[in-house]
J.: 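Handing you a structure now.
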Amino acid sequence: MSLQDKLEALKQETVAKIDAAQDLKALNQIRVETLGKKGPITEVLRGMKDLSAEERPKVGSFANEIRDELTAKIEEKKIELEKAELDRTLAAESIDITLPGKAVKQGVRHVLTQIMEEIEDIFIGMGYQVVEGSEVESDHYNFERMNLPKDHPARDMQDTFYISDEVLIRTHTSPVQARTMEKHDFSKGPLRMISPGKVFRRDTDDATHSHQFHQIEGLVVDKNITMADLKGTLEVMMKKMFGEDREIRLRPSYFPFTEPSVEVDVSCFKCGGAGCNVCKYTGWIEILGAGMVHPNVLRMSGIDPEVYSGFAFGLGPDRVAMLRYGVNDIRNFYQNDLRFLGQFKGE
Ligand code: FA5
């Protein structure tokens, strides 16, 4: 058999093997065996030294041609096998979207946020706007504009943390009254607002006191506003918060920024007024401070007390939450214990 015939036969045989190769490993094996240094083509080329000078270049170029053809064929097959392998991997790794997912642990809003939003909703329903105040406040708005001039003895009831002589963290949400009143345009209608937020006092923490707690301020100013409006409004809120058969009672009290001033009690939601441990056997639970806006407060905000009058109240949602859920220590709200907080699902 001539060298050319041998090469041709070798080519046919190798092409058949390449076509039959099942994977990249087998293909590589064919490449090494056929085209490698110890392979048959190299062998043929080595045998060329015995050929005549005339035949040598012919056989040489034929052998090179065959080597190039086989190399190209192997390359082609390699691409084909690689694609098949990728397809197999993709099929094997496809995601089964019907498998149940990992359950995400869902949190709940803080119980105090829930209570405050519930109260906000009640007042929004009565046409109030919700106003945001600033936790850092000036002495001017926190005290002076609330009819508590410097050295007024009633300041002792609300000592706080001072940032400078004039800047403090607010002791109550009442400064929002002054800030809202001075901006209000009565030609656009009466002023009706509530303002929830955090307040701070230098109080010693105990079961019912925290140095940081919450208040919701309420304020209505218009012509002919009376105590009857205050009582009616608070009654609506208490019934919505604690049930339709709740009653409220107003007791005389004192705040420098309201005159007259009252403390408001709600009939005990647990015993209905008969007396129990929740209401300390009085039948009533104290829930907020309120009163008619003091003429000085109106005047300082540029409102004529001869023409306008108003009522205001300040309620402690922490205490409301304690009463509603029978929580006996206010500090529970601030300790971030998920076993406690997770109980209030907010349905
Ligand atoms: C005031 O702060 C007045 N600004 C409320 C007010 C507004 C009266 C408008 C009249 C008109 P007082 O200090 O009583 O009032 O606080 C109001 C409510 O905040 C209390 O009824 C109580 O529910 C809550 N509160 C007061 N101190 C604490 C405290 N240390 N921890 C938790 N709640 C408190």
Side-chain angles (χ1 to χ4, degrees), residues 111-112 115-116 119 123 128 131 133 137 141-148 152 154-161 168-181 191-221 225 227 229-231 233-234 237-238 241 248 250-266 284-298 301 309-324 327-334:
V111 56
L112 294 178
I115 289 278
M116 288 196 285
I119 297 173
F123 282 97
Y128 286 59
V131 176
E137 193 43 284
Y141 279 99
N142 194 79
F143 290 127
E144 288 178 41
R145 291 284 293 275
M146 288 292 108
N147 208 24
L148 277 150
H152 192 293
R155 282 196 179 206
D156 288 352
M157 298 194 297
Q158 296 186 14
D159 199 4
T160 187
F161 305 92
L168 43 82
I169 42 180
R170 65 181 178 183
T171 58
H172 52 176
T173 44
S174 296
V176 187
Q177 286 189 34
R179 290 191 178 275
T180 315
M181 276 191 275
L191 193 173
R192 281 190 296 249
M193 72 92 181
I194 57 160
S195 184
K198 290 194 191 76
V199 300
F200 311 85
R201 288 189 195 175
R202 209 203 61 86
D203 280 355
T204 306
D205 291 359
D206 63 21
T208 53
H209 292 82
S210 169
H211 59 279
Q212 179 201 305
F213 58 102
H214 296 81
Q215 284 191 339
I216 298 182
E217 195 76 12
L219 173 70
V220 172
V221 184
I225 298 291
M227 286 286 272
D229 297 310
L230 170 64
K231 189 173 182 201
T233 305
L234 294 176
M237 183 192 79
M238 297 305 175
M241 286 301 291
I248 63 167
L250 274 54
R251 280 183 293 112
S253 183
Y254 169 75
F255 295 103
F257 31 91
T258 45
E259 185 59 40
S261 302
V262 288
E263 299 276 357
V264 180
D265 300 339
V266 59
W284 298 92
I285 294 161
E286 184 193 316
I287 215 122
L288 57 86
M292 300 306 291
V293 182
H294 197 289
N296 286 351
V297 173
L298 290 173
S301 296
S309 57
F311 69 73
F313 59 86
L315 143 119
D318 304 56
R319 300 259 175 95
V320 172
M322 288 175 80
L323 293 169
R324 159 92 72 88
V327 174
N328 56 15
D329 195 323
I330 194 170
R331 289 167 289 198
N332 284 318
F333 296 132
Y334 296 102

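One-based numbering, in listed order, for ligands and for the atoms of each. Worth knowing before you read on, the calculation uses all heavy atoms, side chains too, and leaves out hydrogens, waters and symmetry mates.
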J.: Provide the closest heavy-atom pair for I115 versus A321 in the form atom of the first, atom of the second, distance.
T.: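 Smallest interatomic distance, heavy atoms only, reads CG1-CB, 3.9 Å.
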J.: Examine H172 together with F257 and report whether their ring centres are nearer than 6.0 Å.
T.: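 H172 vs F257: aromatic centres under 6.0 Å.
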J.: Which atoms of ligand 1 have any heavy atom of T208 under 4.0 Å away?
T.: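 Reading through ligand 1 atom by atom, the close ones are 31 (N), 32 (C).
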J.: Of all residues at least two apart in sequence or in a different chain, which pass the ring-ring contact (aromatic ring centres under 6.0 Å, His included) check with Y141?
T.: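 If we apply the ring-ring contact (aromatic ring centres under 6.0 Å, His included) test to Y141, skipping adjacent residues, there are no hits.
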J.: Quick one: CG on D156 to CZ on R202, what's the gap to the nearest 0.5 Å?
T.: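 Taking CG in D156 and CZ in R202, the distance rounds to 10.5 Å.
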J.: Are L323 and I287 close enough that some pair of their side-chain heavy atoms sits under 4.5 Å apart?
T.: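 Yes, side chains in contact.
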J.: Taking ring-ring contact (aromatic ring centres under 6.0 Å, His included) as the test, write out the residues that go with F313, two or more places apart.
T.: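 F123.
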J.: Give the residue and atom name of whichever protein heavy atom lies nearest to atom 30 (N) of ligand 1, and the separation in Å to one decimal.
T.: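 Here the nearest protein heavy atom works out to D203 OD2, 2.8 Å.
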J.: Of all the heavy-atom pairs spanning I216 and M116, show the shortest one and how long it is.
T.: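 Heavy atoms of I216 and M116 come nearest at CD1-CG, 4.0 Å.
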J.: Tell me whether E217 has any N or O atom under 3.5 angstrom from an N or O of ligand 1.
T.: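 No; every N/O pair is 3.5 Å or more apart.
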J.: Check ligand 1 against F313 and write out every atom of the ligand that is under 4.0 Å from a heavy-atom position of the residue.
T.: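 So the answer, numbered in order with elements, is 7 (C), 9 (C), 11 (C).
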J.: Does I330 reach ligand 1, in the sense of a heavy atom lying below 4.0 Å from it?
T.: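 Flag set, I330 near ligand 1.
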J.: Could you tell me whether R319 and E286 make a salt bridge, using a distance below 4.0 angstrom between a side-chain N and a carboxylate O?
T.: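 Between E286 and R319 there is no salt bridge, as every charged N stays at least 4.0 Å from the carboxylate O atoms.
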J.: If you count the atoms of ligand 1 from 1 in the order shown, which ones are under 4.0 Å from a heavy atom of G289?
T.: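 Matching atoms, with element in brackets: 6 (C), 8 (C), 10 (C).
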J.: Heavy atoms only, cut-off 4.0 Å: how does T258 contact ligand 1, side chain, backbone, both, or neither?
T.: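 Contact part for T258 vs ligand 1: side chain (C-beta onward).
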J.: So which heavy atom in the protein is nearest atom 20 (C) of ligand 1, and how far is it from that ligand atom?
T.: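 Sorting protein heavy atoms by distance from atom 20 (C) of ligand 1 puts R319 NH1, 4.2 Å first.
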J.: Starting from atom 5 (C) of ligand 1, which protein heavy atom do you reach first, and at what distance in Å?
T.: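 The closest heavy atom on the protein side is G314 CA, 3.7 Å.
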J.: Give a yes-or-no answer on whether the side chains of S301 and R145 include a donor-acceptor pair shorter than 3.5 Å.
T.: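 Indeed, the side chains of S301 and R145 share at least one donor-acceptor pair under 3.5 Å.
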J.: Using a 4.0 Å cut-off to any heavy atom of Q177, which atoms of ligand 1 qualify?
T.: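 Those of ligand 1 that fall under 4.0 Å from Q177 are 9 (C).
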J.: For ligand 1, note which part of S174 has a heavy atom under 4.0 Å away: side chain, backbone, both or neither.
T.: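 The answer is the side chain of S174.
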J.: Taking only heavy atoms of A312 into account, list the atoms of ligand 1 that are under 4.0 Å away from them.
T.: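 Every atom of ligand 1 under 4.0 Å from some heavy atom of A312: 9 (C), 11 (C).
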J.: Quick one: which of F333, F255, F257 has a heavy atom closest to atom 15 (O) of ligand 1?
T.: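 Considering heavy atoms of F333, F255, F257, the nearest to atom 15 (O) of ligand 1 sits in F255.
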J.: Please list the nearest protein heavy atom to atom 25 (N) of ligand 1 with its residue and the distance rounded to 0.1 Å.
T.: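 For atom 25 (N) of ligand 1, the nearest protein heavy atom is F213 CE1, 3.2 Å.
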J.: Looking only at protein heavy atoms, identify the closest one to atom 31 (N) of ligand 1 and say how far it is in Å.
T.: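 The closest heavy atom on the protein side is S210 N, 3.1 Å.
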J.: Under 4.0 Å from any heavy atom of G316, which atoms of ligand 1 are there?
T.: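 Those qualifying, in numeric order: 23 (O).
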J.: Does a salt bridge link E137 with R179, judged by any charged N lying under 4.0 Å from a carboxylate O?
T.: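 Here E137 pairs with R179 in a salt bridge, since their nearest N and O are under 4.0 Å apart.
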J.: Which residue from R170, R201, H209, M146 reaches closest to atom 12 (P) of ligand 1 through any of its heavy atoms?
T.: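 Heavy atom nearest to atom 12 (P) of ligand 1 belongs to R201.
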J.: Enter the distance from N147:CG to H152:NE2 here, rounded to the nearest 0.5 Å.
T.: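 Interatomic distance, N147 CG to H152 NE2, rounded to 0.5 Å: 6.5 Å.
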J.: So which bit of M157 gets within less than 4.0 Å of ligand 1, heavy atoms only: side chain, backbone, both or neither?
T.: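 Neither part.
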J.: Could you point out which residue of T173, V320, V264, I194 forms a side-chain contact (heavy atoms from CB on, under 4.5 Å) with L315?
T.: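 It is V320, the one option of T173, V320, V264, I194 that forms the side-chain contact (heavy atoms from CB on, under 4.5 Å) with L315.
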J.: So which heavy atom in the protein is nearest atom 18 (C) of ligand 1, and how far is it from that ligand atom?
T.: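 Heavy-atom neighbour on the protein nearest atom 18 (C) of ligand 1: Q215 NE2, 3.8 Å.
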J.: Geometry only, no angles: is H214 polar-contacting ligand 1 at N/O separations under 3.5 Å?
T.: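 No - when backbone and side-chain N and O of H214 are compared with those of ligand 1, no distance drops under 3.5 Å.
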J.: Would you find a donor on one side and an acceptor on the other, under 3.5 Å apart, between the side chain of R324 and the backbone of M241?
T.: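 Between the backbone of M241 and the side chain of R324 there is a qualifying donor-acceptor contact (under 3.5 Å).
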J.: Run the numbers for me: atoms of ligand 1, each under 4.0 Å from some heavy atom of Q158, listed by number.
T.: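 Those atoms are 1 (C), 2 (O).
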